[in-house]
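Everything numeric in this text was worked out from a predicted model, so none of it was measured. Lettering follows sequence order; numbering is per chain, from 1. Computation of the quantities below employed the complete heavy-atom set of this structure, encompassing side-chain atoms and omitting hydrogens, waters and symmetry-equivalent molecules.
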Amino acid sequence: MDFDLLNEWQQEAVQTVDGPVLVLAGAGSGKTRVLTSRVAYLVNMCNIDPYNVLAITFTNKAAKEMKERIVSMLGPIAYDIQISTFHALGVLIVKENYEKAGFKPNFTILDSDDTLTLIRKILKDLNLDPKIYNPKAVRNQISGAKNNLFDSKDYSRYANSEFEQIVLKVYEIYEQKLIVNNSLDFDDLLMIPIKIFKKHPEVLKHYQERFKYILIDEYQDTNEAQYIFVKMLSAKYKNICVVGDNDQSIYSFRGANYHNILNFEHDYPNCKVIMLEKNYRSTKNILSAANNVIKNNKERKDKNLWTDNIEGTKIKYHRAYDEKDEANYVLSEIKELIKNGEKSRDIAILYRTNAQSRNIEEALLRDNVPYRVIGSFYFYNRKEVKDLIAYLKIIYNPSDDVSLLRVINVPKRGIGDKTIKSLTAKSNLENISLFDAIDSGKEQGFKDLILELKELSEKITLTELVDVILDKTGIKAELESEKSIEADIRLENLEEFKSITKGYEESKGIVSLEEFLNEISLVSDVEEYKNNEDLVTLMTVHSAKGLEFKNVFLIGLEEGIFPHQNSFFDAGELEEERRLCYVAITRAKERLWIINAKRRTLYGLDSVNPPSRFIAEIDSSLLDADSFEKEVVNKSYSIDENIEYQIGEHIMHNNHGEGVVVSVEDKVITVAFPHPIGIMKLIKGHSSFHKI
DNA sequence: AAAGAATGGCTTTTT
DNA sequence: GCCATTCTTT
């Protein structure tokens, strides 16, 4: 372990062991290194029992990385250190104290989709129109309450408006359902431990004694529940070190409150504050641009990142004609980079909203540039995978209504609305789960199947269980008989799922269903586990936080997109957009492109957007704006309104190839292109296509 | 109950 | 313009 590699501020952050410590770590200031070194220092130099150390992160990925690094520094002794996300720690505490919170040991975890399903069902059972009472809004309201540690009782004191009264009603039922279903939602994983701590001081004391030294990463992103949770755990010994950057707080829409980090000194009066302002990541130009942008925020702690790195190239600014042109520009720049020997894995394309990836993907696909899209839940969000997981969940916890509703008729067993209605009535009346309400009919067959699988699940391995499920439920047979490409892809995905369970078993030995479900309930993306391939990375700026790339393309920097139009009317939200922009810029190590489009089709409408205000905030001497107007002239489209079309005529389109006119209207024609483009409306006489 | 048609809504989302 | 959910038809 080589502490000499740390700069003076980093060393101080590592070696200030006792008492509260606040580390304000700017982007690229070696934060991760400080965290891992500090843990190593505690164990190695201060003789602190690894069992007494707790390190909390927000993502599984961060936890996994930290664990790996510390294991490589300390050896196997590091496995005794509790390094996990807030939520994984919550699961651990609930597992160890389930009966104190009214749960059974085989509880399952609902993700936010499951939660929404449950809320939709409750609204339906209450005969409330989801058009008037938007299920998502209800869910967000309940989740927001839980993040602030308000249970339905607390909430009832604040519910005034008619909508809030409805939410209250739903919230009360929702709480009951979770207990009957023996299920916890994400928010419960924090709220329930806190409830236990408050009600059972001896339990809190137990964890305080266990976790004498606490480290929290990304502290600016903690919400009220996490804040209280940490405060309670650290109250006795106050050996708490929080690391974060208020300028990178970008999750307030999920309840994160960066005032937690700004107020730390106030909460822990004798704390030591350490500023990490030396940046090791980016060139001077990139860093200056980031500083230029963020200094326009009013609500922040003044801090200025600096670096010894070279000045570097200027930031390339390109204004494209439209979103297709934007994608083509990115493509041509990437091809140029790769031609010059750059690796694909050193290139990232960042955007504000997921919908923006589409055009880029099309361009990259067209030219066979290998890429991956992060965070679009490709895998776990697939229907067949969700169905399989629902089977696993209901086998483990038959009271799980959400999973039951998902798969009771998958594959089709002739169980429909009527059956569900009568089961629901019975379950509501007797306060039992839907599963327990089953006592006859076709649904009895389903119940027996689950019970049979449950018994089996205790005897065979996880991967074998998956096989048996696919077999006995008829999922496999149904897909195999379909003989379509889509069905084949689904089967492949299910095979892929088996390779995940196999992977678990290979690395951990026998994995129980319980262990597996706990883990995958808290993981949203399998891609987290493979990033060695040489691929261009596409992702939202949010998902890019904590990462760095040699070359970064920041696309869609337009008013309305970035900053997003929803933030226009709220100063606080605009500042969050600016922080997001700061995060985006500081991802780049060597080269940064800022790109936008003059016009863009958004939600099917054509819009013309001015360049983002954030571009104007960057000193123009840092920008290398290319002659985009020239580009536009080259690519400009003209329209000849005099051309008429007949149904059945063939046309050739610059981007989509040959197509057939299928209908003719006043100003537009509809053209059918071969799969996968399909039907498109085109403006008559547009120069992007011509008759053939 | 299942399949096809229409409606609507829409940022970000570590867990 | 695209998806998911809900409505309508068979």
Checklist entry - Which residues satisfy the side chain to side chain donor-acceptor pair (under 3.5 Å) test with A:Q141, sequence neighbours excluded? => result A:Y155
Checklist entry - Can you name the residues that form a side chain to side chain donor-acceptor pair (under 3.5 Å) with A:Q248, not counting sequence neighbours? => result A:D245, A:R587
Checklist entry - Quick one: A:H542 NE2 to B:dT15 C1', roughly how many Å, whole number? => result 15 Å
Next on the checklist: From the set B:dT15, B:dT12, B:dA1, return the single nucleotide nearest to any side-chain atom of A:N354.
Outcome noted: B:dT12
Next on the checklist: Any base atoms under 4.0 Å from A:D187, or only sugar-phosphate, or nothing? Heavy atoms, all strands.
Outcome noted: nothing
Checklist entry - What's the CD-P distance between A:Q248 and B:dT13, to the nearest Å? => result 16 Å
Checklist entry - Which value, in whole Å, describes the distance between the C1' atoms of nucleotides C:dT6 and B:dT11? => result 24 Å
Checklist outcome for this item: Residues at least two apart in sequence or cross-chain that pass side chain to side chain donor-acceptor pair (under 3.5 Å) with A:S543, listed by chain then number, are A:T540
Item to check | Helical stems, DNA chain B - three or more consecutive Watson-Crick or G-U wobble pairs below 3.5 Å | outcome: B:1-10 with C:1-10
Next on the checklist: Without decimals, in angstroms, what is the distance between A:K124 NZ and C:dT5 P?
Outcome noted: 12 Å
Item to check | Ring-face cation contact, A:Y174 with A:R139, 6.0 Å cut, 45° max | outcome: no
Checklist entry - How would you list, by chain and number, every residue that makes a side chain to side chain donor-acceptor pair (under 3.5 Å) with A:S422, sequence neighbours excluded? => result none
Checklist entry - To the nearest Å, how far apart are A:D221 CG and B:dT13 C1'? => result 11 Å
Checklist entry - What class does the angle between the rings of A:Y133 and A:F163 fall in, given that below 30° is parallel, 30 to 60° is tilted and above 60° is perpendicular? => result parallel
Next on the checklist: I'd like to know if A:D114 pairs up with A:K393 as an ion pair, taking the criterion as any Lys NZ or Arg NE/NH1/NH2 lying under 4.0 Å from an Asp or Glu carboxylate oxygen.
Outcome noted: yes
Checklist entry - How many Å lie between CZ on A:F562 and P on B:dT11, as a whole number? => result 16 Å
Item to check | Whole angstrom value for the distance that separates C1' of B:dT13 from CZ of A:F58 | outcome: 13 Å
Next on the checklist: Heavy atoms only, 4.0 Å cut-off, all strands: where does A:F86 land among base, sugar-phosphate and nothing?
Outcome noted: nothing
Next on the checklist: I want to confirm an ordering. Mapping A:T419 and A:L189 to their closest nucleotides on DNA chain B, which one lands closer to the 5' end?
Outcome noted: A:T419
Item to check | N/O (side chain, A:N60) to phosphate O (OP1/OP2, B:dT15) under 4.0 Å | outcome: yes
Item to check | Listed nucleotide nearest any side-chain atom of A:R254, set B:dT15, B:dT11, B:dT12 | outcome: B:dT15
Checklist entry - Choosing from B:dA2, C:dT6, B:dT12, which nucleotide comes nearest the side chain of A:R120? => result C:dT6
Checklist entry - OP1 or OP2 of B:dT13 less than 4.0 angstrom from a side-chain nitrogen or oxygen of A:T540, does that happen here? => result yes
Compile the donor-acceptor pairs under 3.5 Å between side chains in residues 402-412 of chain A and protein atoms, sequence neighbours left out, one pair per line.
residue : atom : partner : partner atom : Å
A:S403  : OG   : A:D400  : OD1          : 3.4
A:S403  : OG   : A:D400  : OD2          : 3.0
A:R406  : NE   : A:D387  : OD1          : 2.7
A:R406  : NH2  : A:D387  : OD1          : 3.2
A:N409  : OD1  : A:R413  : N            : 2.6
A:N409  : OD1  : A:G414  : N            : 3.2
A:N409  : OD1  : A:I415  : N            : 3.2
A:N409  : ND2  : A:I415  : O            : 3.0

Hey, what are the protein-to-nucleotides 4-9 of chain B N/O distances that come in under 3.5 Å?
none

Next on the checklist: Going by salt bridge (Lys or Arg N to Asp or Glu O under 4.0 Å), name the pairs with one or both residues in residues 82-97 of chain A, residues two or more places apart or in two chains.
Outcome noted: A:K95-A:E514
Checklist entry - Hey, which of these two, A:N566 or A:A88, hits DNA chain B nearer its 5' end, going by closest nucleotide? => result A:N566
Next on the checklist: Donor-acceptor pair, distance only, cut-off 3.5 Å: does the side chain of A:N297 make one with the backbone of A:E575?
Outcome noted: yes
Item to check | Ring-base stacking, A:F253 with B:dT12 (5.5 Å, 30° cut-offs) | outcome: yes
Checklist entry - With sequence neighbours excluded, what pairs up with A:A290 under the side chain to side chain contact (heavy atoms under 4.5 Å, CB included) test? => result A:Y582, A:I585, A:T586
Item to check | Spacing of A:I374 atom CD1 relative to B:dT14 atom P, expressed in whole Å | outcome: 12 Å
Checklist entry - Nearest to the side chain of A:K418 - B:dT15, B:dT11, B:dA1? => result B:dA1
Checklist entry - For A:S543 and B:dT12, is the shortest distance between a side-chain N/O and OP1 or OP2 below 4.0 Å? => result no
Checklist entry - Checking all strands, does A:K412 fall into the base, sugar-phosphate, or nothing category for heavy-atom contacts under 4.0 angstrom? => result sugar-phosphate
Item to check | Proximal nucleotide (of C:dT6, B:dT15, C:dC3) relative to the A:R358 side chain | outcome: C:dC3
Next on the checklist: So A:D417, base contact, sugar-phosphate only, or nothing? Heavy-atom distance under 4.0 Å.
Outcome noted: sugar-phosphate
Item to check | Sugar-phosphate only, base, or nothing, as touched by A:E218 at under 4.0 Å among non-hydrogen atoms | outcome: nothing
Checklist entry - Below 3.5 Å, does any donor atom in the side chain of A:R352 face an acceptor in the base of B:dT12, or the other way round? => result yes
Next on the checklist: Measure CG/A:L405 against P/C:dT5 and give the value in whole Å, please.
Outcome noted: 14 Å
Checklist entry - Would you say A:H564 stacks on B:dT11, if stacking means ring centres under 5.5 Å apart and planes within less than 30 degrees? => result yes
